[in-house]
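We number each residue from 1, following the sequence as shown.
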Amino acid sequence: MIEKTPLEEWIRRKIVPETPDLTRERLTTYQLKKIIENISYVQNNSTFYHNLLSDVSPCDIKSFYDIRRIPFTTADDIKKYNLQMACVSQNEISRVVTLDTSGTTGLPKRIYFTEEDQELTTDFFQAGMSTFTKPGEKILILLPGTRPGSIGDLLQRALNRMDVSSVVYGIVDEPEKVESIIIDKEINGIVGIPQQIFALSMSEKAPKIKEMHKLKNVLLSTDYVSDSAVKRIKENWGCQIYEHYGMTEMGLGGGVFCKAMQGYHLREADMLFEIIDPESGEPVKDDEFGEVVFTTLTRKGMPLIRYRTGDISRFIKHPCECGTVLKTMDKIQYRINSSVKLTDGYILTMSKLEEILFNIEGVLDFDAILKLKYKRDCLTIYLNTLFFTEETKEKILEVLKASELGYQISKGKLKISIEEKLNKELDIKAVKKRKIVDMRGENHEE
Ligand SMILES: [Zn+2]
């Protein structure tokens, strides 16, 4: 029997403490009630929502079906309307997170949280971490944590409540230093960014760490991570890998794997999750992929209503082996804005490339650049491998041809070339989020 996700009991205590068990019906009744309350709250407290939801009357929301009529919010709304989306006065805001802006408007994306909002996240982190962390253990946090209210800080607060000691190191800058901490302090668990953890698990002392058998669990905090990268980390360190799904807009935490490792169980007491068709905006069926949309149910500072995340995933219809009534969301497949559409409509994503390339022995890192040559999509992959020879190159091309991309290649729609990455030094600080660089719009037709 696989242990049930601790999130279920946590949610039960929060929403129906008087009943011994949580049912799907009790959960949805609670969510609907919260949505209705929340709509009135935002209409009364934010000028942005007052305008956006002028046609929505909370008393007309009788079922989940009615929620479909509520308009979406987007990252652009956050950039454009910013403080107008906040529902409390500025002195009630305890933390502002400014996200780097890669969008078209050039405006920063600021998210506002109250002290209570942050407490909700800390509480979720505590429940989530208890999936695989026991009192007395030592956790190394490789996420930013110097500022109060940052992800590392909230995580440490959560662990303190569990009698788990932790070291907040921050983003990995010197792999040797981090490895020494893992070894000297006999760390039992690590939380970090997948690409950094992946690189770290290939550093020199990985065999020693594996041999010690102290490091049992790693939690990857992520929007997506390929199974092949997960497999390699697991092998290199001999540990179990859990995944967490969250973004700042969610108040940092969204969902976490249970011991069945089939997908994320979600923070359903604090958020309602939907999966929609990104084109039509209509909900898709369970098991079908679409865009993840969420509505905050308990946030006070800057609630988000039907916020479009840009992440592609699905709800898994088949019940999780752990036996929970909570939904299971599949791993994020890709982000809409980090995928590229090839000329014939095929969607090429970094996750597909990572899945294929990290499955190949010796591949440490890569960059991918897409150009247009003679009206044909040409993808150049710059590889950082342990041994780069003509044979490696041939082998990788063979693997790519045998993969999902094979059809594109054989039809002559996509040309792939493999090059050796010149700067072989693995810059762990730079390894955060890989992206296919799409240069087809630029005028460099050769
Ligand atoms: Zn489960």
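Smallest separation of non-hydrogen atoms from Ile15 and Ala269: CG2-CB, 3.9 Å. Taking every heavy atom of both residues into account, Phe273 and Lys327 meet most closely at O-NZ, 4.4 Å. Minimum interatomic distance between Ala127 and Pro6 (heavy atoms only, all atoms of both residues): O-CG, 3.6 Å.
Ring centroid separation for the pair Phe198 and Phe358 comes in under the 6.0 Å cut-off. Aromatic rings from Phe257 and Tyr264 are positioned such that their centres are separated by under 6.0 Å.
Of the possible donor and acceptor atoms, one in the side chain of Ser351 sits under 3.5 Å from a partner among the backbone N and O of Gln333. Counting only distance, with no hydrogens or angles, the side chain of Lys210 and the backbone of Glu235 share a donor-acceptor pair below 3.5 Å. Judged by distance alone, the side chain of Ser228 and the main-chain N or O of Glu355 form a donor-acceptor pair under 3.5 Å. At least one donor-acceptor pair closer than 3.5 Å links the side chain of Asn188 to the backbone N or O of Lys138.
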*Begin with the C-alpha distance, continue with both residues' side-chain angles, and end with the deciding distance and a verdict on side-chain hydrogen bond (donor to acceptor under 3.5 Å, both in side chains) for Thr122 and Glu119.*
CA-CA 5 Å; Thr122 306; Glu119 173 52 34; 4.6 Å; no

_Between Ile183 and Ile209, is the side chain to side chain contact (heavy atoms under 4.5 Å, CB included) condition met? List the steps._
CA-CA 6 Å; Ile183 294 168; Ile209 292 170; 3.8 Å; yes

*I would like to know whether Glu268 and Lys34 meet salt bridge (Lys or Arg N to Asp or Glu O under 4.0 Å); could you show each step before the answer?*
CA-CA 11 Å; Glu268 293 190 75; Lys34 280 290 182 186; over 6 Å; no

*Start with the C-alpha distance between Asp330 and Arg314, add both sets of side-chain angles, then the distance that settles salt bridge (Lys or Arg N to Asp or Glu O under 4.0 Å), and finish with yes or no.*
CA-CA 6 Å; Asp330 204 348; Arg314 60 173 179 169; 2.9 Å; yes

_Evaluation steps, side chain to side chain contact (heavy atoms under 4.5 Å, CB included), between Asp117 and Tyr112_ = CA-CA 9 Å; Asp117 293 339; Tyr112 302 93; over 6 Å; no

*Decide salt bridge (Lys or Arg N to Asp or Glu O under 4.0 Å) for Lys231 and Asp227; before the verdict, give the C-alpha distance in whole Å, the side-chain angles of both, and the deciding distance to 0.1 Å.*
CA-CA 6 Å; Lys231 194 170 141 240; Asp227 288 336; over 6 Å; no

*asked:* Working note: Tyr307 + Met250, criterion side chain to side chain contact (heavy atoms under 4.5 Å, CB included); need CA distance, chi angles, decisive distance, verdict.
replied: CA-CA 9 Å; Tyr307 182 73; Met250 290 173 184; over 6 Å; no

*For Asp76 and Thr74, what are the C-alpha separation, side-chain angles and deciding distance, and is it a side-chain hydrogen bond (donor to acceptor under 3.5 Å, both in side chains)?*
CA-CA 5 Å; Asp76 279 342; Thr74 64; 5.1 Å; no

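Between Glu137 and Met162 the shortest side-chain heavy-atom distance does not fall below 4.5 Å. Between Phe289 and Val284 there is no side-chain heavy-atom pair separated by less than 4.5 Å. Residues Tyr30 and Leu22 form no side-chain contact, since every pair of their non-hydrogen atoms from C-beta on lies 4.5 Å or further apart. The closest side-chain heavy-atom distance from Leu266 to Phe294 is not below 4.5 Å.
When the shell of 6.0 Å around NZ of Lys14 is examined, it contains more than 12 heavy atoms from other residues, nucleotides or ligands.
Under 3.5 Å, the side chains of Thr328 and Gln262 contain no donor-acceptor pair of N or O atoms. A donor and an acceptor atom, one from each side chain of Asp173 and Tyr169, are located under 3.5 Å apart. Side chains of Thr380 and Glu419: no donor on one and acceptor on the other come within 3.5 Å.
Between Trp10 and Phe124, the ring planes lie tilted relative to each other; the angle falls in the 30° to 60° range.
Screening Asp344, Thr343, Leu342, Asp377 against Lys413 for a side chain to side chain contact (heavy atoms under 4.5 Å, CB included) leaves a single residue, Asp344.
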